[in-house]
Amino acid sequence: AHHGKTVEWRKWNTLPAPDKLEEGVIPNGKKFGQSAIDVTIAQYGEYVTVSDVLELHAVDDVILGATEEVGAAMGKEADLLTRDALLAGSTVVQYASAGGTAPSGISGVGKTHLFTPDEVARAVTTLKKGNAPTIDGKYVAVIHPSVAFDLRNSEEWKEFHKYGAVEPIFKGDIGDLHGVRFIETN
């Protein structure tokens, strides 16, 4: 409150590889700095109108029903905004392969391109090579129920979860594999 409508996140820039030192020689200094991302806050809301006649004579609790529906609408909007914000910064896209061949674009993806544990391992390798940060030691994947269906039907997923402890910590959490925690949402 009372700090305006802009939020700023800052992070230190990554330094390049260190120089090989020589005795008695002062190395060249590296430039050190910060990167910042500024975002303008947007407010979202919803309301419904309920007449006094409806509230007094309805068999069901109209206010409770309206409250639940408004909450569901706001939750879905928050989900979509989060997804859109994450996708806005995406510069690397990796598509599932079929028979070992990955399509070059979304138009090449077909019914035989399934999301499997091998695809998860391939994505983790890509993330690690790019020094992508983890959250509590794991990457987090938000996946659609159709993608979760493909993943759950694979033998590798079933075998892994037969012996591993699956401890849901988020709503929609369906487990983890290869260092990736999966959250399912439509």
Side-chain angles (χ1 to χ4, degrees), residues 1-14 34-48 64-97 102-109 111 113-154 157 160-161 164-186:
H2 310 294
H3 287 87
K5 290 186 163 190
T6 304
V7 178
E8 179 183 70
W9 287 274
R10 294 180 299 277
K11 78 171 226 38
W12 298 113
N13 295 339
T14 304
Q34 269 185 345
S35 297
I37 296 174
D38 295 312
V39 178
T40 302
I41 297 171
Q43 187 174 10
Y44 290 81
E46 186 73 81
Y47 80 96
V48 295
L64 177 63
T67 302
E68 289 173 350
E69 290 304 316
V70 167
M74 292 300 294
K76 185 172 182 176
E77 184 63 20
D79 227 16
L80 293 172
L81 290 168
T82 301
R83 179 206 60 197
D84 292 347
L86 290 170
L87 291 176
S90 297
T91 56
V92 176
V93 178
Q94 185 169 308
Y95 298 101
S97 62
S104 59
I106 191 70
S107 62
V109 176
K111 290 182 178 184
H113 295 89
L114 301 178
F115 191 64
T116 65
D118 283 343
E119 295 297 334
V120 174
R122 193 164 68 95
V124 167
T125 300
T126 300
L127 290 166
K128 285 181 178 178
K129 288 177 6 185
N131 294 319
T134 59
I135 299 172
D136 294 329
K138 297 206 183 275
Y139 296 109
V140 178
V142 180
I143 60 175
H144 189 272
S146 297
V147 176
F149 176 83
D150 292 342
L151 192 58
R152 282 189 185 119
N153 278 332
S154 70
W157 177 268
F160 180 80
H161 285 84
V166 180
E167 301 171 11
I169 58 172
F170 302 117
K171 183 178 180 188
D173 193 337
I174 63 170
D176 60 68
L177 180 68
H178 299 313
V180 178
R181 186 147 212 98
F182 291 94
I183 311 300
E184 180 182 15
T185 182
N186 61 357

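Values below: every heavy atom of this structure, side chains too, minus hydrogens, waters and symmetry copies.
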With rounding to the nearest 0.5 Å, note down the distance linking [atom1] in [X] to [atom2] in [Y].
X	Y	atom1	atom2	value
Glu8	Asp38	CD	CG	4.5 Å
Ile135	Arg181	CD1	CZ	11.5 Å
Asp79	Met74	CG	CE	12.5 Å
Lys5	Gln43	NZ	CD	7.0 Å
Leu177	Glu119	CG	CD	12.0 Å
Thr82	Glu77	OG1	CD	9.5 Å

What are the two closest non-hydrogen atoms of [X] and [Y], and how far apart are they?
X	Y	result
His178	Pro117	CD2-O, 3.3 Å
Leu151	Val120	CD1-CG2, 4.2 Å
Val147	Phe115	CG1-CD2, 3.4 Å
Ser35	Asn13	OG-OD1, 2.5 Å
Thr185	Pro145	O-CD, 3.3 Å

For residues [X] and [Y], determine if any side-chain heavy atom of one lies less than 4.5 Å from a side-chain heavy atom of the other.
X	Y	answer
Asn131	Thr14	no
Glu184	Phe149	no
Thr125	Lys129	yes

(request) List for me each residue that meets side-chain hydrogen bond (donor to acceptor under 3.5 Å, both in side chains) alongside Asn153, sequence neighbours excluded, and say none if there are none. (result) none
(request) Look only at the side chain of Tyr139 and the backbone of Ala132, and say whether a donor-acceptor pair between them is shorter than 3.5 Å. (result) yes
(request) For Trp12, check ring-ring contact (aromatic ring centres under 6.0 Å, His included) against everything at least two apart and list the hits. (result) Phe32
(request) Please assess Lys138 against Asp176 for the test side-chain contact (heavy atoms from CB on, under 4.5 Å), listing each intermediate value before the final yes or no. (result) CA-CA 9 Å; Lys138 297 206 183 275; Asp176 60 68; 3.9 Å; yes
(message) Check this for me: Ile37, atom CD1, are more than 12 non-hydrogen atoms of other residues, nucleotides or ligands nearer than 6.0 Å?
(response) no
